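Just below is one structure, and these are the notes that go with it.
Keep in mind it's a predicted model, so treat the numbers as computed, not measured.
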Amino acid sequence: MADKHLAIRNTHPTVVTIAIGDEIKAWDENGDIVVLNDSLISTEESRLDTEYDAQGYSRDRKAEYPPIGDQLDALYHAGTFDATMTAAIQAVKDKYPKP
């Protein structure tokens with residue numbers, strides 16, 4: 001689910017403060033209420049959701065890659081990734097291919 005605050009800020013650039021309760025209210029830098037366009041916000045939330053979903057493989061990969069410290073240590077000691085580290089990274093890439 002998209003971040004409502006981000007959707008509002010992306011569609012209403014003058015907004016500096018947002019309050020979400022029973023209803024959503026937003027104000028500009030002068031403290032004036034900004035009238036929000038619910039249709040624009042909904043469309044932006046859908047776009048953000050689609051963008052988030054498209055990057056799922058990246059989040060999955062990040063969780064399974066060898067720790068960066070181990071990667072850097074292998075790189076330092078071998079001057080390049082050894083076959084074991086290369087295979088570990090490639091296995092994650094193969095498991096979660098880019099769409």
Side chain proximity check, Tyr57 to Lys93, heavy atoms < 4.5 angstrom:
no
In short, salt bridge (Lys or Arg N to Asp or Glu O under 4.0 Å) pairs touching residues 5-24 with sequence neighbours left out are none
Grouping ILVMFWY residues whenever side-chain heavy atoms fall under 4.5 Å, the cluster of Leu6 otherwise contains Leu48
For residues 29-42, which side-chain donor-acceptor pairs fall under 3.5 Å, sequence neighbours excluded?
residue : atom : partner : partner atom : Å
Asn37   : OD1  : Ser39   : N            : 3.0
Asn37   : OD1  : Leu40   : N            : 3.0

Residue list, side chain to side chain contact (heavy atoms under 4.5 Å, CB included) with Lys62, at least two apart or on another chain
none
With sequence neighbours left out, what residues match Arg47 under side chain to side chain contact (heavy atoms under 4.5 Å, CB included)?
Asn10, Glu44, Glu51
CH2/Trp27 to OG1/Thr14 distance, rounded to the nearest 0.5 angstrom?
13.0 Å
With sequence neighbours excluded, residues passing salt bridge (Lys or Arg N to Asp or Glu O under 4.0 Å) with Lys25:
none
Where do Arg59 and Tyr52 come nearest, in terms of heavy atoms and distance?
NH1-O, 2.9 Å
Check side-chain hydrogen bond (donor to acceptor under 3.5 Å, both in side chains) between Asp73 and all other residues, then give those that pass, not counting sequence neighbours.
His77
Among all residues two or more places apart in sequence or in another chain, which pass the side chain to side chain contact (heavy atoms under 4.5 Å, CB included) test with Ile20?
Lys4, His5, Ile18, Ile24
If you compare all heavy atoms of Pro66 against all heavy atoms of Gln71, which two are closest, and at what distance to 0.1 Å?
O-NE2, 2.8 Å
Table please: side-chain donor-acceptor pairs of residues 82-90 below 3.5 Å, with sequence neighbours left out.
residue : atom : partner : partner atom : Å
Asp82   : OD1  : Thr84   : N            : 3.2
Asp82   : OD1  : Met85   : N            : 2.8
Thr86   : OG1  : Asp82   : O            : 3.0
Gln90   : NE2  : Asp94   : OD1          : 2.8

